[in-house]
Amino acid sequence: MSDSLEKWKRTHYSKEVNQDINGETVTLMGWIHEIRDLGGIIFILLRDRDGIIQVTAPSKKISTDFFKEIRKLKKEAVIAIKGSVQKSSKAPGGVEIIPDALKLLNEAKLPLPLDITEKVKAEIDTRLDARFLDLRKPTVSAIFKIKSRMLHSVRLFLEREGFIEVNTPKLVASATEGGTELFPITYFEREAFLGQSPQLYKQMMMSAGFDKVYEIAPIFRAEEHDTLRHLNEVISVDIEASFLDHEDVMNILERLVSTVLEEVQDNCETELKLLERDLFVPETPFERIDYDEVVDIVNSKGTLMRYGEDLSRAAEKAMGEFMDGYHFITGWPSDIKPFYVMPSDENPKKSYAFDLMYKDLEISSGARRVHKYDLLVERIKKQGLNPESFERYLAAFEYGIPPHAGWGLGSERFTMCITGVNNIRETVLFPRDRRRLTP
RNA sequence: GCCCUGGUGGUGUAGGGGCUAUCAUGCGGGCCUGUCGAGCCCGCGACUCGGGUUCAAAUCCCGGCCAGGGCGCCA
């Protein structure tokens with residue numbers, strides 16, 4: 001029994017083994033998920049990326065030496081198995097592999113730090129400490145297969161809509177957008193920061209004449225939050241589009257959400273089933289509720305909310321009970337939105353900003369942007385910031401920038417909506433939160 | 001950062017001033033030819049750390065660290 005692949009090549013994944021190839025010789029590679037040694041017959045559950053297949057070794061059908069080799073195998077060892085596909089009503093899934101040859105490619109240290117078969121559940125902290133093992137669980141990897149498909153669908157959709165993918169810097173100089181929530185780093189002899197949003201760069205691309213851009217990239221926030229919905233490093237899906245207003249980009253967003261959900265539903269059947277998740281594809285347009293109305297609804301539910309405040313957690317929950325699917329909150333007060341958000345023409349106290357909510361979770365926020373230099377400077381000052389710190393950014397507004405609008409969508413929060421997991425840490429391979437910086 | 005609750009074998013738990021510290025899973029050994037949460041027998045393995053109270057602390061008290069839940073923060 002060799003520990004080297006030599007000339008062996010995988011011919012099938014477990015999910016490709018079915019009754020149609022009964023009698024064929026196949027080579028499978030993966031991990032030993034479980035072993036059931038009944039004495040005269042040994043069952044090995046072989047797990048690969050796409051599923052689990054049973055390898056059945058009856059002592060009567062194989063040589064004594066080979067049978068002894070199989071008996072020595074341990075959990076989570078990496079093996080390659082060459083064998084024939086055998087139709088059997090007694091096998092899970094109706095097929096099993098009768099082995100002819102085996103390679104033990106690597107062994108696993110025992111006992112394992114957590115139970116991959118999930119007979120005994122582990123806590124999230126234990127799981128994240130041994131994340132590479134945790135990710136071997138089919139229910140855990142399913143979340144990432146769905147996230148992958150979601151991001152793929154997002155790209156397909158935005159490309160169809162005429163967006164150009166861009167990459168903007170994550171090492172930035174300015175802490176003036178609100179200082180405390182940026183992570184400071186050493187940049188040679190200077191101080192720099194990790195970018196909290198591609199916002200200003202996206203807008204500069206509007207001045208550059210790219211018309212429609214998107215970026216899917218990490219953003220970093222140094223807030224000390226410690227909740228099931230926040231992380232300090234997440235992947236943001238950001239778009240910005242010229243000659244469009246807030247209504248136009250809301251329309252793009254709702255069609256994107258609906259299209260992505262449909263494509264995930266069509267392409268991730270196995271994963272959704274593993275997660276026991278019934279997806280529904282929402283109709284567009286999504287319902288829009290004005291901020292004024294939100295204040296009334298929240299107060300009518302017995303939760304205090306003053307006009308001009310952002311939604312507290314209690315207010316979000318009250319709204320989540322009132323509106324259970326995807327919906328927009330529009331008409332936000334200008335004062336609680338960033339300086340680059342365009343105030344409303346009719347009533348400058350209100351703005352053209354919107355949030356996309358799923359139940360009580362905010363998954364995206366966007367707006368029509370200020371594209372006039374003077375107004376932008378005025379709003380920067382009004383929010384207590386220094387226009388000089390934005391010099392390089394503001395220059396883009398002095399040489400002809402079109403009216404534009406955009407949004408940012410939290411990819412992890414969107415993944416939570418799709419998969420139904422309630423802890424955002426579940427949606428990141430190696431999450432970064434207040435306490436966790438490893439692995 | 002605040003409030004509440006907790007930290008017991010590798011994992012998940014029961015217990016709660018003195019007795020061999022409970023159970024499941026796991027791991028090691030044995031039996032077993034259709035398992036699919038396999039079964040049966042034998043064995044192994046634990047009280048978060050520091051200080052205090054006490055004849056005696058895993059248990060009570062104080063503090064640290066960490067976790068779970070809730071909140072705050074989230075231009």
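Every chain is numbered from 1 and lettered A, B, ... according to where its sequence line falls, protein lines coming before strand lines. Just so you know, these numbers come straight off a predicted model, no measurement behind them.
Side chains of A:Ser84 and A:Glu24: no donor on one and acceptor on the other come within 3.5 Å. Between the side chains of A:Glu191 and A:Thr186, no donor-acceptor pair is found at a separation under 3.5 Å. Side-chain atoms of A:Ser236 and A:Asp238 form a donor-acceptor pair, as typed in the model, at a separation below 3.5 Å. For A:Asp48 and A:Ser14, the side-chain atoms include at least one donor-acceptor pair closer than 3.5 Å. Looking only at atom types and distance, the side chain of A:Gln203 has a donor-acceptor partner in the side chain of A:Tyr393 under 3.5 Å away.
Here the nucleotide nearest the side chain of A:Arg229, chosen from B:rC74, B:rA67, B:rC71, is B:rC71. Considering only the side chain of A:Glu96, B:rG34 comes nearest among B:rG26, B:rC74, B:rG34. Ranking B:rC74, B:rG37, B:rC71 by closeness to the A:Lys119 side chain, first place goes to B:rG37. With distances taken from any side-chain atom of A:Asp226 to the nucleotides B:rC73, B:rG1, B:rA67, the minimum falls on B:rG1. For A:Val120, taking side-chain heavy atoms from C-beta onward, the closest of the listed nucleotides B:rU33, B:rG12, B:rG26 is B:rG12.
Between A:Thr415 atom OG1 and A:Lys147 atom NZ the span is 5.0 Å, to the nearest 0.5 Å.
Protein atom CD1 of A:Ile70 is 16 Å distant from nucleotide atom C1' of B:rG34, rounded to whole Å. Taking atom CG of A:Leu133 as the reference point, atom C1' of B:rG26 lies 14 Å away to the nearest angstrom. Atom CD of A:Glu118 and atom C1' of B:rG37 are 12 Å apart (whole Å). Atoms CG (A:Asp125) and C1' (B:rU48) sit 13 Å apart, rounded to a whole Å. Summarising the geometry, the separation between CD1 on A:Ile116 and C1' on B:rG12 is reported as 16 Å, rounded to the nearest angstrom. As rounded to whole Å, 18 Å separates atom P of B:rC36 from atom CD1 of A:Ile53.
Heavy-atom distances under 4.0 Å link RNA chain B to A:Arg434, A:Arg435 of residues 427-439 of chain A, given in residue order. Only A:Glu34, A:Arg36, A:Asp37, A:Leu38, A:Gly39, A:Gly40, A:Ile41, listed by number, bring a heavy atom of residues 26-42 of chain A to less than 4.0 angstrom from any atom of RNA chain B.
Judged by distance alone with a 3.5 Å cut-off, no donor-acceptor contact links the side chain of A:Thr126 to the base of B:rU11.
Counting any heavy atom pair closer than 4.0 Å across all strands shown, A:Lys75 reaches sugar-phosphate atoms only and no base atom. Across all strands shown, A:Glu316 has no heavy atoms under 4.0 Å from either base or sugar-phosphate atoms. A:Lys90 comes within contact range of at least one nucleobase, with a heavy-atom separation under 4.0 Å. If you check every strand for non-hydrogen atoms under 4.0 Å, A:Lys74 touches sugar and phosphate atoms only. Residue contacts for A:Ser312: at a heavy-atom cut-off of 4.0 Å it reaches the sugar-phosphate backbone alone, with no base atom in range. Residue contacts shown for A:Lys317 are limited to sugar-phosphate atoms, with no base heavy atom under 4.0 Å away. When heavy atoms are screened at a 4.0 angstrom cut-off, A:Leu228 is found touching the sugar-phosphate backbone but no base atom. Residue-level contact check: A:Pro92 touches the bases, meaning some heavy atom is under 4.0 Å from a base atom. A:Ala91 comes within contact range of at least one nucleobase, with a heavy-atom separation under 4.0 Å.
Of the residues listed (A:Val341, A:Ile329, A:Leu253), the one engaging A:Phe354 in a side chain to side chain contact (heavy atoms under 4.5 Å, CB included) is A:Leu253, and it is the only one.
The gap from the C1' atom of B:rU20 to that of B:rG43 amounts to 15 Å, rounded to the nearest Å.
Using cut-offs of 30° and 60° for the angle between ring planes, the A:His246 and A:Tyr352 rings count as parallel. In this structure, A:Tyr326 and A:Tyr358 have tilted ring planes: the angle between them lies in the 30° to 60° band.
Judged by Watson-Crick or G-U wobble contacts below 3.5 Å, the nucleotide B:rG26 has B:rC44 as its partner. Across all strands shown, B:rA38 remains unpaired; no Watson-Crick or G-U wobble contact has both distances below 3.5 Å. Across the strands present, B:rG50 finds its partner in B:rC62; the criterion is a Watson-Crick or G-U wobble pair with both atom distances under 3.5 angstrom. Pairing partner, B:rA67: B:rU5, with both Watson-Crick or wobble hydrogen-bond distances short of 3.5 Å. Nucleotide B:rG18 is matched to B:rC55 when pairs are restricted to Watson-Crick or G-U wobble geometry with both distances under 3.5 angstrom.
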